[in-house]
Amino acid sequence: MEETPFQKEMRTRMEFLPQPVPLEILTVLMADVQEYVMAHGPQDAPPRAESITSVVSQIREGYGPNLDLCPEGTCLGLLLDSTGGLHLYVNGLDQGVGAQDLPDTCYVLLDLYGQCEQLSIVTGEVQGAESDTHEGQLPGEREKADMVDEGYFVEDSKLCVCHCDSCHKLRGDEIYKKRGDPPRDYAEPSGWCSFPLRLSPRLSCPQYKKWHIAYQGSSVASVRRTLDRGDLLPGCSSILTMVPLKTDPQNGFSAAEPNVMQSRELQSVVLSPTLRYAGLLEFCPKLQFQDPRSQRILGAQVAFQVCVEPGSYKVGPPSAGPADHMDPRIPVSETEWLTKEKGATILRSLLVRVE
């Protein structure tokens, strides 16, 4: 296949770069690609997302699915085997060898472009990952067979509860309740709708009735991943973050880090016994959408109600939001709960608020 003028130019530029290519140079090259596409259109740009490119020269077409068409929540993986073959995994399925004779040391560059707005890095050392994963199953996620056979939610629609003010008054519900051993106050999810989640049979144990009740604010983009894992996501682990590179004074570029996962401190899961805190925009961002019937622009928020093991979390004042707007029944000094213990929380309900 004959190279386009753009591919020839990029290949020439790459031949004079040090190996491995420093991250900031790769970033500049990616910016050049995007700028060229915007100026000249896609016909002379790098190939589509079902091909493999080496030094911007296409070496294989029709490999795997078109990644541009992958829906939200798709899990992609790369594997470099012992013979230097590169494998692509899509939702745990090996697409075969896409390229051969790769060096032992490789680096990954992720580009947020087009309709892709967020990436999550999932590895075998991710917090919450289970060690007893089955073949083809991603670490920390439930087997697909479990999801098909069980589903995420309890099937009885009567257990789905609206917690708006009118429904609260009609049912005569209390706004605050106690739960656990020792008992702790928690607020009912006023203004939200509750959709109870299925519990694994191995979790249906009387001891969980002694656990406390709390909430975690979430984002719409993180709901599917949380349900697949069957566990809460810590902090902002669903957002791709950059780690500052060390500077190499000899060549002016940032020195490449070894191609290994760096040890990092486990992130805390942030909980609260009240949604007045867990439902703040800092933890629970709104997703705007247009109601097809009324044509109104509405905002949706999601959160999880969970059972929390007593003694597994630290209690403290809020780290976000104004303290004077917190729940009047919950002491300010007990508004935020933090836990790093694995298995200390159990998903109980998905909560949704639309306003």
Side-chain angles (χ1 to χ4, degrees), residues 65 67 69-78 88-93 108 110-112 115-134 136-154 194-200 203 214-242 261 264 266-271 278-279 281-287 289 300-308 339-353:
L67 302 184
L69 303 179
C70 288
E72 180 179 334
T74 302
C75 238
L76 305 176
L78 292 175
L88 170 67
Y89 285 79
V90 180
N91 292 329
L93 299 178
V108 176
L110 303 175
D111 181 31
L112 293 177
Q115 298 184 13
C116 184
E117 297 180 354
Q118 180 173 299
L119 293 171
S120 302
I121 298 178
V122 181
T123 72
E125 296 183 24
V126 168
Q127 180 181 357
E130 299 291 339
S131 59
D132 58 344
T133 53
H134 299 276
Q137 179 184 354
L138 293 170
E141 299 190 358
R142 297 165 55 191
E143 290 186 82
K144 293 182 179 179
D146 292 340
M147 291 185 280
V148 172
D149 294 340
E150 298 180 10
Y152 297 122
F153 301 96
V154 175
S194 174
F195 301 89
L197 299 169
R198 283 183 178 270
L199 284 178
S200 171
L203 297 179
Y215 304 95
Q216 185 199 45
S218 185
S219 65
V220 174
S222 300
V223 168
R224 175 62 185 270
R225 185 177 172 203
T226 300
L227 294 175
D228 285 349
R229 288 163 52 100
D231 199 4
L232 296 176
L233 299 177
C236 53
S237 66
S238 62
I239 299 176
L240 182 65
T241 56
M242 296 292 292
M261 171 168 280
R264 58 175 181 265
L266 295 179
Q267 291 181 299
S268 296
V269 172
V270 181
L271 304 169
L281 293 179
E282 287 90 336
F283 307 115
C284 199
K286 285 187 178 181
L287 175 68
F289 67 97
Q301 290 178 283
V302 294
F304 287 98
Q305 185 184 66
V306 298
C307 298
V308 192
T339 180
K340 294 182 179 179
E341 291 194 20
K342 184 178 178 180
T345 60
I346 298 175
L347 299 178
R348 194 176 189 219
S349 299
L350 174 68
L351 305 170
V352 179
R353 177 168 67 179

Can you tell me how far apart CG (Asn91) and CG (Leu76) are? Round to the nearest 0.5 Å. 7.5 Å

Identify the two heavy atoms, one from Ala278 and one from Cys284, that lie closest to each other, and give their separation to 0.1 Å. O-CB, 3.8 Å

Taking all heavy atoms of Leu350 and all of Ala303, pick out the closest pair and write down the distance. CD1-O, 3.5 Å

So which atom in Leu233 and which in Gln216 form the shortest heavy-atom distance, rounded to 0.1 Å? O-NE2, 2.9 Å

Closest non-hydrogen atom pair, Pro285 against Ser219: CG-CB, 3.8 Å

Hey, what do you get for CG (Leu232) to OG1 (Thr345), rounding to the nearest 0.5 Å? 4.0 Å

Without swapping roles, check the side chain of Arg198 against the backbone of Phe153 for a donor-acceptor pair under 3.5 Å. yes

Return the set of residues passing side-chain hydrogen bond (donor to acceptor under 3.5 Å, both in side chains) with Gln305 (not counting sequence neighbours), or none when no residue passes. Tyr215, Arg348

Provide the closest heavy-atom pair for Phe304 versus Leu351 in the form atom of the first, atom of the second, distance. C-CD1, 4.4 Å

Is it true that a side-chain atom of Gln301 and a backbone atom of Gly217 form a donor plus acceptor pair closer than 3.5 Å? no

Under the side-chain hydrogen bond (donor to acceptor under 3.5 Å, both in side chains) test, which residues partner Ser218, sequence neighbours left out? none

Rounded distance (nearest 0.5 Å) linking atom CG of Leu227 with atom CG of Leu197: 6.0 Å

Which residue, Val223, Leu347, Thr226, Asp228, forms the side chain to side chain contact (heavy atoms under 4.5 Å, CB included) with Tyr152? Asp228

